[in-house]
Amino acid sequence: FMAYTRHFFEPVEQMGHWFAEMQMAQASAERILSLIESDPDIKDSQSVLDALAAPKQGDQRAADGGDAQIHSIELNNVSFAYDPAQPVLSNINLKVERGETLAIVGPTGGGKSTLVNVICRFYEPTRGSVTIDGLDYRNRSLHWLQSNLGMVLQNAHVFSGSILENIRYGRLDASDEEVADAAKLAGAHDFISTMEDGYQTQTGEGGSRLSAGQKQLISFARAILADPQILVMDEATSSVDTETEQRIPQGMANVLDGRIAFVIAHRLSTIRTADRIAVIEAGRITELGSHAELMAAKGHYYQLYRQQSLQESSAELIDLQPSRA
């Protein structure tokens with residue numbers, strides 16, 4: 001009798017279990033659908049949508065009818081705030097020409113990443129304007145602009161698959177030779193060649209079989225392969241060892257040639273060759289110039305660079321001292 005009773009109530013218990021699972025799934029689905037159906041704040045205006053729908057004229061024109069090439073980006077009195085009471089950027093005026101590398105340095109929370117996000121139109125300025133070749137970038141296609149972006153972030157994302165597939169994700173129609181060329185420019189070819197399967201080496205889930213520095217070099221090669229007009233590097237060499245980091249600039253001149261590059265760096269020794277360096281403090285550009293000009297001015301950049309140089313020299317001396325058994 002007890003056995004039959006348990007068998008009788010077992011389906012009821014399973015129905016209760018699945019009913020609870022369905023309620024949890026419904027709540028999760030509602031959150032997902034609310035995200036999918038949300039209307040983004042950053043989107044193309046109606047005039048841009050009309051231009052995209054119009055027939056394209058000429059090979060040198062983008063899908064929105066504008067010039068396909070980016071020659072300059074200019075910020076005119078740009079201010080931005082997540083919270084109106086707490087501005088992050090204030091009255092930024094800056095112009096970067098094609099073929100120029102601009103390094104952005106400053107204290108944590110000064111607005112470096114926010115400035116790049118505004119330039120890439122992940123956010124739009126709350127005041128002022130960002131223009132591309134003299135035209136407000138809100139009058140250009142969002143897809144066109146962000147399709148011409150190449151980004152190498154501090155935390156590089158590597159998905160499960162081979163190294164070849166991870167690099168080729170930058171341009172899916174690239175040949176094996178083009179992938180290898182991009183890896184050579186990024187300084188990744190040497191460590192890939194030492195692996196047993198070379199470019200067919202499996203990276204593991206989330207790149208678990210690679211070191212942090214190797215993942216960053218793969219991410220760098222992916223951005224190079226995409227051949228972007230705008231290249232953004234956010235602490236791109238933070239996890240790369242010093243020897244590898246010294247090999248990267250050998251190909252950087254070719255990589256950055258003809259592009260607009262923004263380099264965010266805390267390690268100031270990596271951006272000495274930049275065309276210009278912008279020092280941002282409290283959302284404002286306090287210093288702007290080449291490495292030599294800023295060192296001669298003996299301002300905040302000079303103090304930061306001198307402090308880091310002393311720290312690196314001290315670390316090298318400690319490494320050179322023989323250990324005491």
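Hydrogens, waters and symmetry mates are skipped; everything else that's a heavy atom, side chains included, is used.
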Handout entry: Side-chain touch Ile132/Trp144, heavy atoms, less than 4.5 angstrom
Key = yes
Exercise for the section: Kindly write out the residues that satisfy side chain to side chain donor-acceptor pair (under 3.5 Å) with Gln46, not counting sequence neighbours, or none if the list is empty. Expected result: Asp50
Problem - Test item: Leu217 and Phe191 side chains (from C-beta on) under 4.5 Å apart, heavy atoms - result: yes
In a table with atom names and distances, give each donor-acceptor pair under 3.5 Å that connects a side chain of residues 5-17 to protein atoms at least two apart or in another chain.
from : atom 1 : to   : atom 2 : distance (Å)
Thr5 : OG1    : Phe1 : O      : 2.8

Handout entry: Interatomic spacing from CD1 in Ile230 to CD1 in Ile73 - rounded to 0.5 Å
Key = 3.5 Å
Practice task
Search all heavy atoms of Val78 against all heavy atoms of Pro125 and return the closest pair with its distance.
Solution key: CG1-CB, 3.8 Å
Practice task
Would you check if there is a donor-acceptor pair between the side chains of Ser47 and Ser45 at a distance under 3.5 Å?
Solution key: yes
Problem - Flag side-chain contact, heavy atom, 4.5 Å: Ser141 against Asp44 - result: yes
Handout entry: Side-chain touch Arg121/Val130, heavy atoms, less than 4.5 angstrom
Key = no
Completion exercise
In this structure, CZ of Arg222 is separated from NE2 of His157 (nearest 0.5 Å) by 7.0 Å
Completion exercise
Interatomic distance, CD@Glu165 vs CZ@Phe159, rounded to 0.5 Å, equals 6.5 Å
Practice task
Check for a donor-acceptor pair, side chain of Gln229 on one end and backbone N or O of Ala68 on the other, with a separation under 3.5 Å.
Solution key: yes
Practice task
Provide the closest heavy-atom pair for Arg61 versus Gly65 in the form atom of the first, atom of the second, distance.
Solution key: NH2-O, 2.8 Å
Handout entry: Trace of the side-chain contact (heavy atoms from CB on, under 4.5 Å) decision for Val179 with Arg171
Key = CA-CA 9 Å; Val179 170; Arg171 182 159 55 88; over 6 Å; no
Handout entry: Pair Asn93-Asn76, side chain to side chain donor-acceptor pair (under 3.5 Å): steps then yes or no
Key = CA-CA 5 Å; Asn93 289 283; Asn76 303 296; over 6 Å; no
Fill in the blank from the handout: Heavy-atom nearest pair, Glu97 first then Lys95, reads OE2-CE, 3.1 Å
Handout entry: Backbone N/O of Pro228 and side chain of Arg259: donor-acceptor pair under 3.5 Å
Key = yes
Practice task
Begin from the C-alpha positions of Gln214 and Val158 and carry the test side-chain contact (heavy atoms from CB on, under 4.5 Å) through to its verdict.
Solution key: CA-CA 10 Å; Gln214 290 171 340; Val158 175; over 6 Å; no
Completion exercise
So CZ of Phe262 and CG of Leu102: to nearest 0.5 Å the spacing works out to 6.0 Å
Problem - Donor-acceptor under 3.5 Å (Lys215 side chain, Ser208 main chain) - result: no
Practice task
Flag the pair Gln216 / Val152 as yes when at least one side-chain heavy-atom distance between them is below 4.5 Å, and no otherwise.
Solution key: no
Handout entry: Linked, directly or transitively: Tyr169 and Leu210 (ILVMFWY side chains, under 4.5 Å)
Key = no
Exercise for the section: Compare every heavy atom of Asp275 with every heavy atom of Gly99, then report the nearest pair and how far apart it is. Expected result: O-OD2, 3.8 Å
Handout entry: Whether Lys112 side chain and Ile280 backbone form a donor-acceptor pair below 3.5 Å
Key = no
Exercise for the section: Determine whether Leu164 and Gln200 make a side-chain contact, defined as any pair of heavy atoms from C-beta on separated by less than 4.5 Å. Expected result: yes
Exercise for the section: Could you pull out the closest heavy-atom pair between Ser38 and Leu35, with the gap in Å? Expected result: OG-O, 2.7 Å
Practice task
For Ser90 and Ser79, indicate whether the former's side chain and the latter's backbone hold a donor-acceptor pair under 3.5 Å.
Solution key: no
Practice task
Mark yes or no for whether Asp133, through its side chain, and Ser72, through its backbone, hold a donor-acceptor pair below 3.5 Å.
Solution key: yes
Exercise for the section: Identify whether Ile42 and Tyr82 are in the same connected component of the hydrophobic contact network (ILVMFWY, side-chain heavy atoms under 4.5 Å). Expected result: no
Problem - Candidate pair Asp67 and Leu135, rule side-chain contact (heavy atoms from CB on, under 4.5 Å), full reasoning - result: CA-CA 10 Å; Asp67 192 347; Leu135 183 67; over 6 Å; no
Practice task
For Gln86, look at atom CD and say whether over 12 heavy atoms of other residues, nucleotides or ligands are found less than 6.0 Å away.
Solution key: no
Handout entry: Asp83, CG: over 12 other non-hydrogen atoms inside 6.0 angstrom
Key = yes
Completion exercise
Closest heavy-atom pair, Ala103 versus Ala274, reported as atoms and distance to 0.1 Å, is CB-CB, 3.9 Å
Problem - Residues forming a ring-ring contact (aromatic ring centres under 6.0 Å, His included) with Tyr301, sequence neighbours excluded - result: His291
Problem - Path from Phe122 to Ile70 over hydrophobic side-chain contacts below 4.5 Å - result: yes
Practice task
Could you tell me how the ring of Phe80 sits relative to the ring of Tyr123: parallel (under 30°), tilted (30 to 60°) or perpendicular (over 60°)?
Solution key: tilted
Practice task
Give a yes or no on this: more than 12 heavy atoms of other residues, nucleotides or ligands lie within 6.0 Å of atom CD of Glu21.
Solution key: yes
Practice task
Without swapping roles, check the side chain of Arg168 against the backbone of Ala174 for a donor-acceptor pair under 3.5 Å.
Solution key: yes
Handout entry: Side chain proximity check, Val118 to Glu124, heavy atoms < 4.5 angstrom
Key = no
Practice task
Determine whether more than 12 heavy atoms belonging to other residues, nucleotides or ligands lie under 6.0 Å from atom NE2 of His71.
Solution key: yes
Fill in the blank from the handout: Rounded to the nearest 0.5 angstrom, the CG-CG distance for Asp64 and Leu142 is 10.5 Å
Handout entry: Glu287 (side chain) donor-acceptor with His300 (main chain) under 3.5 angstrom
Key = yes
Practice task
Please round to the nearest 0.5 Å and tell me the distance separating atom CD1 of Ile163 and atom CD1 of Ile218.
Solution key: 4.5 Å
Handout entry: Working for side-chain contact (heavy atoms from CB on, under 4.5 Å), residues Asn91 and Arg284
Key = CA-CA 7 Å; Asn91 300 320; Arg284 296 178 181 272; 3.9 Å; yes
Problem - Pairwise side-chain contact, Leu145 with Arg140, heavy-atom cut-off 4.5 Å (strictly under) - result: no
